[in-house]
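Reviewing the structure listed below.
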Amino acid sequence: MSAATDITADAARLIGFGLRPKLTPARDEEYRALVARAVTDSEFAAAVDAVADGLELVVLHISNRAGVVVAASTSASGFAVRMTDYARRTSSEGKAGERVVHALAHLGAATLAYPRPADLADETYIGRITVDGVDAFVREAATRLAKKAGDDSGPGDPSTAEPDLEAAWRVYTRRARTGTTGDGRKLSTSSIGIVGKALAFLADQGLLHRASDERGGTYRTTPRYRVQVRDAGEVMFGELLGLGITGVSDGTGTIMIGWDAAAVALL
């Protein structure tokens, strides 16, 4: 094979490693060597980007800690996770109301995992979140948004300025926090059940690591999750600022919902 073919083959192998989300360079010698090459060899790094682009992927990050982190570059990519796929993987019905609760669960998880911008910038930072804590945070945020909408529009009147926001808090606050089915099983469509499924999905994708069953399930963040949240961080924190849930300053700010973020994560 030519040198160019060799480079392309190695680049494809590295992308292949990145598509195995639970694998890290520390656990595979070849993966570790390819990551080191991509970090130090600009020609090889360009080949990795080119292979990813051909697969409708984008390379978000390459490092010894996280490995190569890739994401679908378009919604039509074969690697994009569609709502139907997500619903199947989480045993969800995929109904509109349930999708809203799942979306808020993911937003709450990312916010509690990295409550300050400085945490996202720190490669060594490890966040810790729980199912109970995420649900408590989102429910409190939704309650405050409900009060804000009521203050702005009058009790019980829908907000005309922020109809999507109105719909989101109504869906979450009206969802039962917990419950059981007729045969005694936990209700999977409760907000606790949905948060649990959302965090389990993130763990299956190598973004979180389940540490224990405490508090409904306790999880630690992984370097891959930091990269994913950081990449979406500008949009995510902008949304939260618009909702008045969080404050972002020079890196020392934290969540402002009436309690300490670290305490919430331990709920």
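Fair warning: this is a prediction, and the values are worked out from it, not measured in the lab. Because only heavy atoms are used, hydrogens play no part in the values below, and waters and symmetry mates are left out as well, while side chains stay in. Numbers here simply count residues along the sequence, with the first being 1.
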Roughly how far, to the nearest 0.5 Å, is CD of Q228 from OG1 of T222? 9.0 Å
I'd like to check L14 versus F44 (side-chain heavy atoms, cut-off strictly below 4.5 Å). Are they in contact? yes
Test of understanding: with salt bridge (Lys or Arg N to Asp or Glu O under 4.0 Å), list the residues that count as partners of D49, not counting sequence neighbours. none
Would you list the atom pairs, donor with acceptor, under 3.5 Å between side chains in residues 63-70 and any protein atom, with sequence neighbours excluded?
from: S63; atom 1: OG; to: H61; atom 2: NE2; distance (Å): 3.0
from: S63; atom 1: OG; to: A66; atom 2: N; distance (Å): 3.1
from: R65; atom 1: NE; to: E123; atom 2: O; distance (Å): 3.0
from: R65; atom 1: NH2; to: E123; atom 2: O; distance (Å): 3.3

How long is the span from the CG atom in L207 to the NZ atom in K22, to the nearest 0.5 Å? 10.5 Å
Note: I62 and A38 closest approach over all heavy atoms is CD1-CB, 3.9 Å
Within-4.5 Å side-chain heavy-atom neighbours: F201 and H106: yes
Least distance between heavy atoms, P115 atom then Y125 atom: CD-OH, 3.8 Å
4.5 Å side-chain heavy-atom contact, L19 and L57: yes
Nearest-0.5 Å distance that lies between atom CD1 in I126 and atom CG in D119: 12.0 Å
Under the side-chain contact (heavy atoms from CB on, under 4.5 Å) test, residues paired with A105 that sit two or more places apart: V195, A198
Looking at CD1 of I129 and CG of L199, how far apart are the two atoms once the value is rounded to the nearest 0.5 Å? 5.0 Å
Atom pair OG1/CG of T221 and L202 - distance to nearest 0.5 Å: 11.0 Å
Side-chain contact test, heavy atoms from C-beta onward, threshold under 4.5 Å: evaluate it for V131 versus D135 and give yes or no. no
Is it the case that the side chain of R226 and the backbone of L120 share a donor-acceptor pair, with hydrogens and angles ignored and the cut-off at 3.5 Å? yes
Taking all non-hydrogen atoms of both residues into account, name the closest pair between S191 and R139 and its distance. OG-NH2, 2.7 Å
Can you find a heavy atom in the side chain of Q205 that is under 4.5 Å from one in the side chain of R224? no
Side-chain heavy atoms under 4.5 angstrom apart, residues restricted to Ile, Leu, Val, Met, Phe, Trp, Tyr: same cluster for L23 and V227? no
If the condition is side chain to side chain donor-acceptor pair (under 3.5 Å), which residues does Y219 pass it with, not counting sequence neighbours? R210
Minimum heavy-atom separation for V58 to A72, with atom names? CG1-O, 4.4 Å
Partners of R13 by salt bridge (Lys or Arg N to Asp or Glu O under 4.0 Å), sequence neighbours excluded? D10, E30
For E56, give me all partners under salt bridge (Lys or Arg N to Asp or Glu O under 4.0 Å), at least two apart in sequence or on another chain. none
Report yes or no: do L60 and V48 belong to one cluster of Ile/Leu/Val/Met/Phe/Trp/Tyr joined by side chain heavy-atom distances under 4.5 Å? no
Do T130 side-chain atoms and T218 backbone N/O form a donor-acceptor pair below 3.5 Å? no
Please report the interatomic distance CZ(R128) to NE2(H209), rounded to the nearest 0.5 Å. 12.0 Å
